[in-house]
Visitor: 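Pasting a structure below so you can have a look.
A, B, ... follow the sequence lines: proteins, then strands. Residue 1 opens every chain.
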2 protein chains.
Amino acid sequence: MTDATDLFFNVFRNKNRFRILKLLSNKELCASELQKELMIEQTNLSHDLKCLINCQFITVRKNGRKRIYKISPETKELVEEVSKHIKKYELYLKKCNIIKEEENEEI
Amino acid sequence: MTDATDLFFNVFRNKNRFRILKLLSNKELCASELQKELMIEQTNLSHDLKCLINCQFITVRKNGRKRIYKISPETKELVEEVSKHIKKYELYLKKCNIIKEEENEEI
DNA sequence: TTTATATATGAAAAAAATTTCATATAATAA
DNA sequence: TTATTATATGAAATTTTTTTCATATATAAA
C-alpha cells in the first residue's frame, strides 16, 4: 500500500504541512516563528514538524533553545511546482467549490 | 477554509481518485473498465467518480447503458506534472518509508 | 414485460487523520 | 538552583474520510 504516490500524498495532503513547507521555502524558521505565521497550536505544529522530519522533507538544527527548520532542496522544488499549478488553475478549482455550494443549496 | 489549495488537495489526496485520473489521462473509459483496472468496489468507484465530476476534473457522457468518463485537459496536465514529480523523487520518498519502518522496529 | 447489466445513492460502519490535553524535556536566564 | 522559554510527546477525543451495505435507477436484451 505504501508506494511513492501514497508517500507523496501522505505528507502533502495536509494543509498545515503544506503551508509549513511554503513558509520554509522562503527561509529557515524556528517553531515559534512558524507558529506565529500559521496561527496554529504549538503542539499541533510540533506533530506536523515531526511528520515532515520523518519523511526527510525538512531538517532541523539546534540553535540555543530554538530549533531551526530547513526545507530540503528537492522538496522546495516540489512545493514550488505544486504551488505554481494551484495558482494556474485557481479559477478552475474555485469553480468546483461553486458547484458544491449550489448542490448544497438544492438540499 | 476552502481556498484553492484545499480544493486541490481534497481531490488529489485520495489514492484511488488519483489512479482514476491517471487511467483517464490515457483514454476515455467507462466505470466497469475502470473497475477492472483498479480492482476497487463498484460502489466505491462510483462515489469517487461523483467527487471528480463535482469538481469538474472529469466529465461524463452516456453511451448505451454505459457512461464514458473523460478527464479535462487542464486536469490531465496537472496529473502529468504531479506524476512526473512523484517519479522524479520516488527514491527520496521511499527513503521516508524506511525511516518510518525503522522507528517502528525500535518500539 | 421480465431479466440482466451498468451505474448511482444514502446511510451506517469502519478506518484514518487531526486536534486537544496534560505533561515532559531541554536550554538558558535570573 | 529555580524559573522561564521553546519545543516535544503520547494518549484520548474529535473530526474527517473511506468503505461497506442495502437498495435504487436506467438502459438494453431476451
Visitor: Touch check for A:N14, heavy atoms < 4.0 angstrom, all strands: base, sugar-phosphate only, or nothing?
Guide: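 Sugar-phosphate contact only - A:N14 comes under 4.0 Å of backbone atoms but never of a base.
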Visitor: What's the CZ-P distance between A:F9 and D:dT16, to the nearest Å?
Guide: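 A:F9 atom CZ is separated from D:dT16 atom P by 21 Å.
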Visitor: For the pair made of CG in A:L34 and P in D:dA6, what is the distance, rounded to whole Å?
Guide: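 Interatomic distance, CG of A:L34 to P of D:dA6: 14 Å.
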Visitor: CG of B:L38 versus P of C:dT7: gap in Å, rounded?
Guide: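 The distance from CG of B:L38 to P of C:dT7 comes to 13 Å, rounded to the nearest Å.
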Visitor: Which of residues 22-31 of chain A sit near DNA chain D, with a heavy atom under 4.0 Å from it?
Guide: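 Contacts with DNA chain D under 4.0 Å: A:C30, A:A31.
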Visitor: Please check the phosphate of C:dA8 (OP1 and OP2 only) for any side-chain N or O of B:Y69 closer than 4.0 Å.
Guide: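 Result: yes.
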Visitor: Tell me whether B:I40 is reachable from B:V11 by hopping between hydrophobic residues (I, L, V, M, F, W, Y) whose side-chain heavy atoms are closer than 4.5 Å.
Guide: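 Yes.
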Visitor: If you define the side chain from C-beta out and look only at heavy atoms, does anything of B:E33 sit under 4.5 Å from B:E37?
Guide: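 Result no, sub-4.5 Å side-chain heavy-atom pair not found.
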Visitor: More than 12 heavy atoms of other residues, nucleotides or ligands under 6.0 Å from CD of B:E80: yes or no?
Guide: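 For B:E80, atom CD is crowded (more than 12 foreign heavy atoms under 6.0 Å).
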Visitor: Please determine whether a side-chain nitrogen or oxygen atom of A:R13 lies at a distance below 4.0 Å from atom OP1 or OP2 of C:dA17.
Guide: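 Answer is yes, contact under 4.0 Å.
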Visitor: Can you identify which nucleotide, out of D:dT20, C:dA6, D:dT17, has its nearest atom closest to the B:N10 side chain?
Guide: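 From the listed options, D:dT17 comes nearest.
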Visitor: On DNA chain C, nearest-nucleotide positions of A:R17 versus A:N63: which is more 5'?
Guide: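 Nearest nucleotide further toward 5': that of A:R17.
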Visitor: Please give, in whole Å, the distance from D:dA8 C1' to A:I53 CD1?
Guide: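 Those two atoms, CD1 and C1', are 10 Å apart.
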Visitor: Nearest-Å distance, CD (B:E41) to P (C:dT7)?
Guide: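 One finds 15 Å between P of C:dT7 and CD of B:E41, rounded.
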Visitor: C:dG10 C1' sits how many Å from B:Q42 CD, rounded?
Guide: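 Checked: the CD to C1' distance equals 14 Å.
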Visitor: What is the distance, rounded to the nearest whole Å, between atom CZ of A:R61 and atom P of C:dA27?
Guide: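 Going from CZ in A:R61 over to P in C:dA27 covers 16 Å.
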Visitor: Given that A:S46 and A:R65 both sit by DNA chain D, which one's nearest nucleotide is further toward the 5' end?
Guide: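 Closest to the 5' end, via its nearest nucleotide, is A:R65.
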Visitor: Among the clusters formed by ILVMFWY side chains lying less than 4.5 Å apart, do B:I58 and B:I68 turn up in the same one?
Guide: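 No, B:I58 does not connect to B:I68 through the hydrophobic network.
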Visitor: At less than 4.0 Å, is any side-chain N or O atom of B:K62 found next to OP1 or OP2 of D:dT27? Yes or no.
Guide: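 For B:K62, the contact criterion (side-chain N or O under 4.0 Å from OP1 or OP2 of D:dT27) is met.
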Visitor: Check the side chains of B:S72 and A:Y92 for a donor-acceptor pair under 3.5 angstrom, ignoring hydrogens and angles.
Guide: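 Side-chain D/A pair, A:Y92 to B:S72: present.
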Visitor: Indicate the atoms forming the closest heavy-atom contact of B:I71 with B:S25, along with that distance.
Guide: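 Heavy-atom minimum between the residues: CD1-OG, 3.8 Å.
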Visitor: Same cluster or not: A:F9 versus B:L21, using hydrophobic residues (I, L, V, M, F, W, Y) connected whenever any side-chain heavy atoms lie under 4.5 Å apart?
Guide: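 As far as the 4.5 Å side-chain criterion goes, B:L21 and A:F9 are connected within one cluster.
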Visitor: For D:dT18, take OP1 and OP2 only and decide whether either is under 4.0 Å from a side-chain N or O of B:N44.
Guide: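 Result: no.
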Visitor: Report yes if a side-chain nitrogen or oxygen of B:S32 is closer than 4.0 Å to either non-bridging phosphate oxygen (OP1 or OP2) of C:dT7; otherwise report no.
Guide: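 Checking C:dT7 against B:S32, a side-chain N or O does come within under 4.0 Å of OP1 or OP2.
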Visitor: Is the distance between the ring centroids of A:F57 and A:F12 less than 6.0 Å?
Guide: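 Yes.
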Visitor: Closest-nucleotide mapping onto DNA chain C: is A:N16 or A:G64 further toward the 5' terminus? I mean the 5' end.
Guide: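 It is A:N16, whose closest nucleotide lies nearer the 5' terminus.
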Visitor: A:K50 NZ to C:dA17 P: how many Å, rounded?
Guide: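 Computing the A:K50:NZ to C:dA17:P distance gives 15 Å.
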